[in-house]
Amino acid sequence: MEDFTVHRKQIVYLTALTFVSVVALAAQNGALARQSGAPAASVGIFENHGDVGTVLHEGSVEYDAAKRSYTIAGSGENMWLGSDAFQFVWKKMSGDVTLTADISFLGKGVNEHRKAVLMIRQSLDADSPYADVALHGSGLTSLQFREVKGAATHTIQANISAPKRVRLEKRGAYFSMWLADEKGEFHLASGSTRIKLTEPFYVGIGVCSHDKDVVEKAVFLNVDLKAAEPAAAAASTLYSTLEIITVTSADRRAIYVAPERFEAPNWMPDGKNLIFNRNGRIEKIPVTGGTPQIIDTGFATRCNNDHGISPDGTQLVISDGSQGDHQSLVYIVPIGGGTPRRITQKSPSYWHGWSPDGKTLAFVGERNGEFDIYAIPAAGGEETRLTTAPGLDDGPEYSPDGKYIYFNSERTGHMQIWRMRTDGSEQEQITFGEENDWFPHLSPDGQQIVFVTYEASVKGHPENKDVMLRMMTLKDKKITVLAKLFGGQGTMNVPSWSPDGKQFAFVSYQLVPKESAGK
């Protein structure tokens, strides 16, 4: 009896264990089915839905065919950092895509950071690469993205709050955000980001409560999902976006967007305004956005992208080709505008740096077929040649302590960052990569430099190329990629750090098919 009792207990235990295992396996398979896209009834124009990542409350979607509306309920702690948790309604697609919808939240909401998104995602893994247009409960609207699997999420904030209708576009490897105005006309609302996704990928709409204990709802109306034609330069409109990037997070904020070319921001010493060049003129705009105002530069109406501000904030230096042979010369005008005072007598000359004591300018000049770096008194006088190596030397900028001039040179066969003493001595190479590095800009504390990097195959510093903004910490020579964008010439030619050293400004570009703008 004793042996039988023991065996009977073992049988009961094993049966219970088997039952628990079956239940657990079923639950696991159910979760896998939801995330892997197991067969399910289609949801409007989408193929399936399910929770991505770990959620405490299962999400849902209701589709009203008559109204063509999707009401999505989603939980999840966040869609940020290295992983996401949200309810996702999706369809697999390939090629270029546009996804458009009217979005509104239901109820007051618990967390102002709850998100309703239009998303293009590599996979249903929680840490998948993706890009989305995220409307927050607070009205904040951003282009969010994770470049590679498991990486941190970054964002580009729009210059418009609480739009009703939003659009996410994928053209090649670039993703952009478009927002509609009160008339329903769409406007580009941010810079773009470059992410390489493998086809097919997931395209859809989703909701995250930003609170793991809460379920939030949002309604998506007039959802339009379609293939898009790639942008071709010959049939495209060029858009420029003035952006600010925060160095510690690499997050970006769009300040001003226009369907034309403008270039090269400088940050004014008061920290409140930026200047840039457009159509031969210098313009000023608040760092919070708004309408740019032209600065009076007198006869100098062919200003290029080599301009800047004196250390004491009282003067503006410009490079302009409006006079004589129409080659660039360096001039100084009062910061508020006025009659230009000529500094360089020979042309072409392109300004790039102002010594911390305000007494000397560094510029690039072509003399006898060679581009070299020169110094000249800010009060005017004779120019002094500082570099003599064959090949192009460009982009000179003083270190904040006044001891060095940093510049870029192709003397090694391709463009790299160098530095030298201000008298031209002790020239030494700083970067050693295979890419081409241009226009070094030193942080106000002199600890970091940011610069524009082209691919190895690119010659010169042309416009409309895939580039990176990179930062080197001078103490350990560590290089970090801060942004991947479409740009080059005009993106960051001149000093653009904020006075507190926490941010810098740049311009990104996009080629948009003419039939897309405004629709």
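A distance of 12.5 Å separates CZ of Phe86 from OG of Ser209, quoted to the nearest 0.5 Å. Here the OG atom belonging to Ser443 is positioned 8.5 Å from the CE atom belonging to Met471, to the nearest 0.5 angstrom. Between atom CD1 of residue Ile295 and atom CZ of residue Phe276 there is a gap of 9.5 Å, rounded to the nearest 0.5 Å. Here the OH atom belonging to Tyr406 is positioned 9.5 Å from the CE atom belonging to Met472, to the nearest 0.5 angstrom. Once rounded to the nearest 0.5 Å, the distance linking NE2 of His441 with CG of Asn266 reads 9.0 Å. In this structure, the separation between CG on Asp394 and NE2 on His352 is 4.5 Å, given to the nearest 0.5 Å.
Residue Val494 comes nearest to Trp351 through the heavy atom pair CG1-CZ3, 4.1 Å, listed as atom of the first residue, atom of the second, then distance. Taking both residues in full, the closest heavy atoms of Tyr174 and Ser192 are given as CD2-OG, 3.4 Å, listed atom of the first, atom of the second, then distance. Nearest approach of Ser161 to Gly139, heavy atoms of both residues: OG-O, 3.4 Å. Counting all heavy atoms, side chain and backbone alike, Ala264 lies closest to His307 at O-CE1, 2.8 Å. Looking at every heavy atom in both residues, Val215 comes nearest to Ala73 through CG1-CB, 3.8 Å. Nearest heavy atom pair, residue Glu169 against residue Thr98, reads CG-CG2, 3.7 Å.
Under a cut-off of 6.0 angstrom, the local environment of CD in Glu434 is sparse, with at most 12 non-hydrogen atoms contributed by other residues, nucleotides or ligands. Atom NZ of Lys465 has 12 or fewer neighbouring heavy atoms from other residues, nucleotides or ligands inside a 6.0 Å radius. The neighbour count for Lys149 NZ, taken as heavy atoms of other residues, nucleotides or ligands under 6.0 Å away, is above 12. Counting heavy-atom neighbours within 6.0 Å of Gln315 CD, excluding the residue itself, gives a total above 12.
Using modelled atom types, no side-chain atom of Glu216 and backbone atom of Cys208 make a donor-acceptor pair closer than 3.5 Å. In this structure, Gln87 contributes its side chain and Ile72 its backbone to no donor-acceptor pair below 3.5 Å. Judged by distance alone, the side chain of Ser498 and the main-chain N or O of Gln503 form a donor-acceptor pair under 3.5 Å. Counting only distance, with no hydrogens or angles, the side chain of Asp251 and the backbone of Thr155 share a donor-acceptor pair below 3.5 Å. Judged by distance alone, with hydrogens and angles left aside, the side-chain atoms of Asn436 form a donor-acceptor pair with the main-chain N or O of Met415 at under 3.5 Å. Looking at Thr431, its side chain does come within 3.5 Å of a backbone N or O of Ile417 through a donor-acceptor pair. Between the side chain of Ser142 and the backbone N or O of Gln144 there is no donor-acceptor pair closer than 3.5 Å. In this structure, Asp125 contributes its side chain and Asp127 its backbone to no donor-acceptor pair below 3.5 Å. The backbone N or O of His136 sits nowhere less than 3.5 Å from a side-chain atom of Glu112 that would complete a donor-acceptor pair. Using a distance-only test at 3.5 Å, with no hydrogens or angles considered, no donor-acceptor pair links the side chain of Thr246 to the main chain of Ser249.
Side-chain contact, Ser508 with Glu243: a donor N or O sits under 3.5 Å from an acceptor N or O. In this model, a donor atom of one side chain and an acceptor atom of the other lie less than 3.5 Å apart for Ser310 and Asp312.
Side-chain atoms of His187 and Asp181, non-hydrogen and from C-beta on, do get closer than 4.5 Å to each other. Counting only heavy atoms from C-beta outward, the side chains of Asp466 and Glu455 approach each other to under 4.5 Å.
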Subject >> side-chain contact (heavy atoms from CB on, under 4.5 Å) assessment of Val97 paired with Phe201 >> reply: CA-CA 11 Å; Val97 174; Phe201 40 77; 4.1 Å; yes

**OP:** With side-chain contact (heavy atoms from CB on, under 4.5 Å) as the test, would you mind laying out the steps for Leu442 and Tyr398 before giving the verdict?
**Re:** CA-CA 8 Å; Leu442 287 102; Tyr398 286 87; over 6 Å; no

**OP:** Check the pair Asn277, Asn304 against side-chain contact (heavy atoms from CB on, under 4.5 Å), reporting the backbone distance first and the verdict last.
**Re:** CA-CA 7 Å; Asn277 63 284; Asn304 57 51; 5.6 Å; no

**OP:** Could you go through the side-chain contact (heavy atoms from CB on, under 4.5 Å) check for Leu316 and Ile275 one step at a time?
**Re:** CA-CA 10 Å; Leu316 171 66; Ile275 66 170; 3.5 Å; yes

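Note on Arg278 versus Glu260: salt bridge recorded, some NZ/NE/NH1/NH2 to OD/OE distance being below 4.0 Å. At a threshold of 4.0 Å, the pair Glu283-Arg281 does not count as salt-bridged, since none of the basic side-chain nitrogens sits closer than that to a carboxylate oxygen.
Shown are Phe451, Phe439, Tyr454; of these, the ring-ring contact (aromatic ring centres under 6.0 Å, His included) with His461 is made only by Phe439. Between Asn464 and the options Arg261, Gln510, Gln489, a side chain to side chain donor-acceptor pair (under 3.5 Å) holds for only Arg261. Screening Ile255, Leu274, Asn273 for a side chain to side chain contact (heavy atoms under 4.5 Å, CB included) with Pro286, the sole residue that qualifies is Asn273. Across Leu168, Val223, Thr100, Leu135, a single residue satisfies side chain to side chain contact (heavy atoms under 4.5 Å, CB included) together with Leu118, and that is Leu168. With respect to Phe145, the side chain to side chain contact (heavy atoms under 4.5 Å, CB included) criterion is satisfied by exactly one of Thr153, Asp132, Ile120, Ile156: Ile156. Checked options Phe504, Trp267, Phe506; the residue passing with Trp497 is Phe504 (criterion: ring-ring contact (aromatic ring centres under 6.0 Å, His included)).
Not less than 6.0 angstrom separates the ring centroid of Tyr63 from the ring centroid of Phe46.
Relative to the ring axis of Phe186, Arg165 does not place its NZ or CZ within 45° and under 6.0 Å from the centre. Cation-pi check for Arg121 over Tyr202 is not met; the charged atom does not lie both under 6.0 angstrom from the ring centroid and within 45 degrees of its normal.
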